[in-house]
Amino acid sequence: MPTNTLEQKRYFSFELLNWYSRSKRDLPWRRHRNPFYIWISEIMLQQTRVDTVIPYFNRFIARFPTIEVLAEAPEEDVLKLWEGLGYYSRARNLQAAAKQVVELHGGQVPDDTQAVAALKGIGPYTTGAIMSIAFNRPEPAVDGNVMRVLSRYFLIEEDIMKGSTRAHMESLVRGLIPEGRASDFNQALMELGALVCTPKSPQCLTCPVMVHCSGRLAGREETLPVKTKAKPPRLEPRSVALIEGSGANAGRLLVRQRPAKGLLARMWELPHELAGPEGYNGPVPDEPAMDHLAAHLLAAGVSARPVRFVREAEHTFSHIHWNLRVFQYEELASPGGKAGGQTLAAEQRTDYSTGAKPDALIALVAQEEQAHPVLPAGYRWISEADMDTMAFPKVFLDLITEYYANPKGTLA
DNA sequence: AAGACGGGGGC
DNA sequence: GCCCCAGTCTT
């Protein structure tokens with residue numbers, strides 16, 4: 001069997017479509033022909049498995065059934081529905097793109113490759129996926145599944161991490177799409193990669209195109225595709241503060257919101273800081289780490305007394321590995337038995353609303369806040385119910401959930 | 001071209 | 001516990 005012949009290509013496309021018509025999974029986004037739903041699913045499916053995406057997808061379309069609804073929603077709601085899915089810029093870009101579609105295209109996904117490609121968060125792969133799956137346009141949609149299948153079937157030894165390889169694969173796919181069948185063909189290619197032509201231990205004996213697979217015939221199916229390995233994440237030891245409020249903040253925990261850009265942008269977290277000097281990843285004794293973190297908190301306007309070490313936690317990103325040591329603190333009530341400036345400010349508002357004279361309180365607030373600075377923007381004392389609206393990265397979600405399941409006492 | 005950007009699953 | 005999975009944006 002000569003490789004990469006016209007016959008090998010025709011056979012591949014025909015048998016693949018035939019297999020797909022019999023084997024395709026019943027997935028929520030395959031039950032509609034709604035381009036918005038196709039779009040959401042394709043964004044969610046980036047770097048994320050189907051089984052993980054399904055519940056997120058269902059909740060998302062229930063809350064944001066149309067592009068207009070998504071465009072007008074508070075960003076906090078969008079982030080909350082993305083909580084746990086990772087790569088949160090996908091959610092922010094999806095909403096930004098929804099606003100673009102409302103502004104530029106009347107709230108409808110345009111049946112236009114260039115217009116779709118111009119939307120935020122939509123790159124070459126997603127452009128092809130939307131154009132083909134939603135509009136049946138003959139555009140390639142080359143993701144990791146497709147590159148794996150093609151590199152095996154056609155025995156392509158180019159490194160799939162290189163940009164030039166994806167371009168090669170795209171031109172190959174253009175020549176493989178049967179007339180009028182772009183939607184099914186692209187989905188079939190990805191479905192084969194997900195179900196049969198898997199990264200490890202491919203199920204060749206059930207593969208509809210095995211007999212003409214060049215990689216298989218060469219005994220190379222386990223060693224393709226060629227892929228340069230990612231470099232390991234750098235280690236980052238950090239100290240985390242689990243601070244129990246006291247006085248008016250009793251039963252609450254202190255959290256803060258991350259900056260609008262960068263890692264975990266605009267998500268909420270427990271306060272934490274780098275343990276030890278920059279670049280150092282050796283052990284840090286608990287006492288100095290707790291004290292250093294207490295000083296950090298004081299600068300944020302929170303006076304807290306170290307209580308004890310709680311437990312370790314890990315959180316791995318693609319490029320950073322957090323080694324977290326979690327310490328419990330107790331908020332120190334300010335002199336006069338008040339819990340701090342925030343509490344007094346709240347009492348002052350209460351007094352205004354009841355019509356009581358606030359003058360004495362205002363003076364007291366000023367005096368208190370001088371000794372005890374107001375909580376800066378971005379910091380908040382939260383109760384368990386606040387977890388329903390605020391989005392947290394997985395590691396902090398777990399820590400806080402664990403705390404509320406077993407407050408005070410025998411945490412971990 | 002290289003780095004930033006999360007979290008889950010298989011074995 | 002260790003390894004694998006990989007789209008888009010930014011620099």
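Both backbone and side-chain heavy atoms feed into the values below; hydrogens, waters and symmetry mates do not. Within every chain, numbering begins at 1; the chains are lettered A, B, ... in the order of the sequence lines, protein sequences first and strands thereafter.
Between A:Ile43 atom CD1 and B:dG7 atom C1' there is a gap of 17 Å when expressed in whole angstrom units. Look at CG on A:Leu94: it is 16 Å from P on B:dG6, rounded to the nearest Å. Note: CE (A:Met44) to C1' (C:dG7) measures 16 Å, nearest angstrom. For A:Asn186 and C:dG7, the CG to P distance is 13 Å, given to the nearest whole Å. In this structure, A:Met147 atom CE and C:dG7 atom P are separated by 7 Å, rounded to whole Å. Per the geometry, CD1 belonging to A:Ile130 stands 14 Å off P belonging to C:dG7, to the nearest Å. Taking atom CG of residue A:Leu45 and atom P of nucleotide C:dG7, one finds them 10 Å apart after rounding to whole Å. Between A:Lys231 atom NZ and C:dC3 atom C1' the separation is 19 Å, expressed in whole Å.
For the C1' atoms, the distance linking C:dT8 with B:dG9 amounts to 23 Å, nearest Å. Using atom P as the reference point in both B:dC5 and C:dC5, the two lie 23 Å apart (nearest Å). Taking atom C1' in both C:dC4 and B:dG6, the straight-line distance is 15 Å, to the nearest Å. Nucleotides C:dC9 and B:dG8 have their C1' atoms positioned 23 Å apart, rounded to a whole Å.
Between B:dG3 and A:His319, no contact under 4.0 Å exists linking OP1 or OP2 to a side-chain N or O. A close approach under 4.0 Å does not occur between any side-chain nitrogen or oxygen of A:His315 and OP1 or OP2 of B:dG6. Side-chain N/O atoms of A:Tyr88 include one lying less than 4.0 angstrom from OP1 or OP2 on B:dG7. Taking only side-chain nitrogens and oxygens, A:Arg90 never comes nearer than 4.0 Å to OP1 or OP2 of C:dC9.
Checked by atom type, the side-chain pair A:Ser183/A:Arg33 shows a donor-acceptor distance below 3.5 Å.
Among the atoms of the strands shown, none is found under 4.0 Å from any heavy atom of A:Ile160. Backbone-only contact: A:Asn145 has heavy atoms under 4.0 Å from sugar-phosphate atoms and none from a base. Residue A:Ile122 is in sugar-phosphate contact alone, with no base atom involved, counting any heavy-atom pair closer than 4.0 Å across all strands shown. Nucleic acid contact class of A:Gly163 (heavy atoms, under 4.0 Å, all strands): none. Contacts of A:Arg148 with the nucleic acid, taken as non-hydrogen atoms under 4.0 Å apart, involve only primed sugar atoms and P, OP1 or OP2. In this structure, A:Asp143 reaches the sugar-phosphate backbone alone: every heavy-atom distance under 4.0 Å involves primed, P, OP1 or OP2 atoms, never a base. Residue contacts shown for A:Tyr125 are limited to sugar-phosphate atoms, with no base heavy atom under 4.0 Å away.
Comparing C:dT8, B:dG8, B:dG6 by their closest approach to the side chain of A:Thr126 singles out C:dT8. Relative to the side chain of A:Arg49, the nucleotides B:dG7, B:dC5, C:dG7 differ in distance, and B:dG7 lies closest. The side chain of A:Lys227 lies closest to C:dC5, out of C:dC5, C:dT8, B:dG6. With C:dG7, C:dC5, B:dG6 as the candidates, the nucleotide lying closest to the side chain of A:Gln46 is C:dG7. Checking C:dT8, B:dG8, B:dG6 against the side-chain heavy atoms of A:Thr52 singles out B:dG8 as nearest.
Residues A:Ile243 and A:Pro271 share a closest heavy-atom pair of CD1-CG, 4.4 Å. Heavy atoms only, all atoms of each residue included: A:Leu17 and A:Pro178 are closest at CD1-CG, 3.6 Å. Taking all atoms of both residues into account, the shortest heavy-atom contact from A:Arg238 to A:Trp322 is CD-NE1, 3.5 Å.
Checking A:Lys162 against A:Asp51, the closest nucleotide of DNA chain B that is more toward the 5' end is the one next to A:Lys162. In this structure, A:Arg166 and A:Lys229 both approach DNA chain C, and ranking their closest nucleotides by distance from the 5' end singles out A:Lys229. Where A:Lys261 and A:Lys200 meet DNA chain B, the nucleotide closest to each residue was compared, and A:Lys261 sits on the side nearer the 5' end.
Using cut-offs of 30° and 60° on the angle between ring planes, the pair A:Phe12 and A:Tyr153 is tilted.
Side-chain atoms of A:Gln47 and base atoms of B:dG6 include no donor and acceptor less than 3.5 Å apart.
Within a 6.0 Å radius of CG in A:Asp51, no more than 12 heavy atoms belonging to other residues, nucleotides or ligands are found. Annotation for A:Arg10: atom CZ does not count as buried by contact number, only 12 or fewer foreign heavy atoms lying within 6.0 Å.
Of the nucleotides present, C:dC4 is the one that pairs with B:dG8 by Watson-Crick or G-U wobble criteria, both distances under 3.5 Å.
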